[in-house]
There are 2 protein chains.
Amino acid sequence: MARTQGSHSDITGPRVRDAALRLFARHGYAAVSMRQIAAAVGVQAGALYNYTPDKQTLLFDLMRGHMEDLLAAWDAAEPEGDAMAALEAFTRFHIRFNTSRADAVFVSYMELRNLEPENFAVIEGLRREYETRLEAVLRRGAEAGAMVVAEPRIASMALIAMLTGVNTWYRAEGRLSLAEVEAVYWDMVRRSVVG
Amino acid sequence: MARTQGSHSDITGPRVRDAALRLFARHGYAAVSMRQIAAAVGVQAGALYNYTPDKQTLLFDLMRGHMEDLLAAWDAAEPEGDAMAALEAFTRFHIRFNTSRADAVFVSYMELRNLEPENFAVIEGLRREYETRLEAVLRRGAEAGAMVVAEPRIASMALIAMLTGVNTWYRAEGRLSLAEVEAVYWDMVRRSVVG
DNA sequence: GGTTTAACTGAACATTCGTTCAGATCAAAG
DNA sequence: CTTTGATCTGAACGAATGTTCAGTTAAACC
């Protein structure tokens with residue numbers, strides 16, 4: 001048998017997270033066993049516990065990591081300038097970021113109900129933070145008279161839901177390029193907030 | 001012990017489906033056991049098999065029933081007249097129908113990956129039919145010059161995603177009435193398709 | 001080259017799973 | 001009152017679950 005033991009912590013750790021994310025996205029947290037994850041990595045189930053205290057924490061860490069990445073990426077990408085430019089940037093950023101991490105987006109939305117209450121509260125808080133980022137843009141646009149937004153909070157949730165929907169049908173090899181998809185959605189987003 | 005046996009088929013049947021739908025929505029198909037469903041109904045697990053051949057079919061029947069109800073309800077509700085009126089009707093119908101059946105909507109979207117391939121194909125087909133109904137309205141509006149819709153198929157998916165998002169935050173006891181929610185969303189939908 | 005130790009194996013633990021089925025029960029039919 | 005048949009119980013089946021841990025392996029260190 002090939003060498004299967006030794007020091008691989010820095011290699012195996014990411015592979016555990018990658019395999020768990022892929023399997024959770026495909027089959028759902030509850031339907032995936034620790035043995036399946038281990039098999040995908042190429043180790044026995046017991047070895048996973050060198051990398052996570054338990055299955056729940058593995059899920060939670062994946063979701064928190066994704067949400068924190070999302071917030072950090074937007075904070076780094078948000079442009080200076082007027083609200084309309086920020087809204088376009090948000091639209092394109094959200095589509096690009098989410099399609100590039102489809103599994104993490106899927107898991108972070110679908111597995112909320114499998115989080116223990118305190119873990120759920122953390123992820124929910126991060127999600128609300130993200131919504132608040134967009135809400136701030138809409139409020140700024142409304143105050144400047146560049147946008148018409150009767151309910152900024154609801155509008156932010158509505159737009160995010162619309163944009164996240166891209167993930168349900170977009171395929172890299174499909175008819176439209178990502179840039180074209182961005183353009184189609186930006187068209188709809190822009191129109192939905194102008195008088 | 002109270003009477004627990006006898007002829008209750010027409011009573012127990014719906015109760016099994018109701019309990020299963022509620023539990024599937026709350027905890028997920030894979031995380032809910034037949035014993036939990038049975039306990040919610042007040043019978044032993046074995047009794048469930050008088051009402052479904054297996055757990056998978058129970059899930060599938062719930063999802064198919066919901067999707068068929070959805071299509072039938074829209075076909076009954078779609079107004080004659082111009083495309084813009086049809087779009088407003090669709091917007092209000094979708095919000096009203098979906099918020100009134102939140103559990104079924106949730107399950108029909110979240111549990112797709114737990115369907116066996118042939119069952120998945122059926123539900124996916126019904127979903128596409130529903131999208132096609134809206135797409136037809138958008139095409140009609142574009143042809144009549146009343147709407148600007150560059151990609152009717154994508155626009156229909158985008159609008160449905162936006163409208164279905166209401167379910168994630170709407171509560172009957174919340175600040176806005178359903179009629180007010182409808183108005184907010186119709187405002188955004190209308191603007192998103194006019195030049 | 002011998003020692004240390006992180007990484008992993010393989011077996012075991014108590015639970016729980018979906019499903020089956022012989023037998024008990026009771027409303028309805030004769 | 002007796003019979004019938006749908007409905008449900010309660011126990012059982014093998015398989016799978018998350019997690020633990022004593023022991024094995026091999027890379028890294030002195």
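In what follows, chains carry the letters A, B, and so on, assigned in the order in which the sequence lines appear, proteins first and then strands, with residues in each chain numbered from 1. Source: prediction; values computed, not measured.
Between D:dT7 and B:Tyr51, no contact under 4.0 Å exists linking OP1 or OP2 to a side-chain N or O. Contact annotation: A:Ser33 does not reach the phosphate of D:dA16 (side-chain N/O to OP1 or OP2, under 4.0 Å).
Ring-plane geometry between A:Phe97 and A:His66 is classed as tilted, the angle between the planes lying from 30 to 60 degrees on a 0 to 90 degree scale.
The interatomic distance linking A:His27 (NE2) with D:dA16 (P) rounds to 16 Å, in whole Å. Spacing between atom CD of A:Gln44 and atom P of C:dT9 amounts to 5 Å, rounded to whole angstrom units. In this entry the distance linking CD1 of B:Ile11 with P of D:dC8 reads 9 Å, nearest Å. Taking atom CD on A:Gln56 and atom P on D:dT17, their separation rounds to 18 Å, with Å as the unit.
Annotation: side chain of B:Arg26 is not in contact with side chain of B:Val32 (no heavy-atom distance under 4.5 Å).
Within the nucleic acid shown, B:Val41 has no heavy atom closer than 4.0 Å to any nucleic acid atom.
In this structure, of C:dC17, C:dC8, D:dG18, it is C:dC8 that holds the atom nearest to the side chain of A:Ala47. Relative to the side chain of B:Tyr49, the nucleotides C:dT9, D:dT9, C:dG18 differ in distance, and C:dG18 lies closest. Across D:dC8, D:dT17, C:dC8, the shortest atom-to-atom separation from the side chain of B:Asn50 is found for D:dC8. The B:Thr12 side chain lies nearest to D:dC8 when the options are D:dT9, D:dT17, D:dC8.
Checked against the 6.0 Å centroid criterion, the rings of B:Tyr170 and B:Tyr185 do not qualify as a close aromatic pair. For B:Phe120 and B:Phe60, the distance between ring centers is not under 6.0 angstrom.
Projected onto DNA chain D by closest heavy-atom contact, A:Asp54 and B:Leu48 fall at different nucleotides, the more 5' of which corresponds to B:Leu48. For B:Pro53 and B:Ala31, each mapped to the nucleotide of DNA chain C holding its nearest heavy atom, the one lying further toward the 5' end belongs to B:Ala31.
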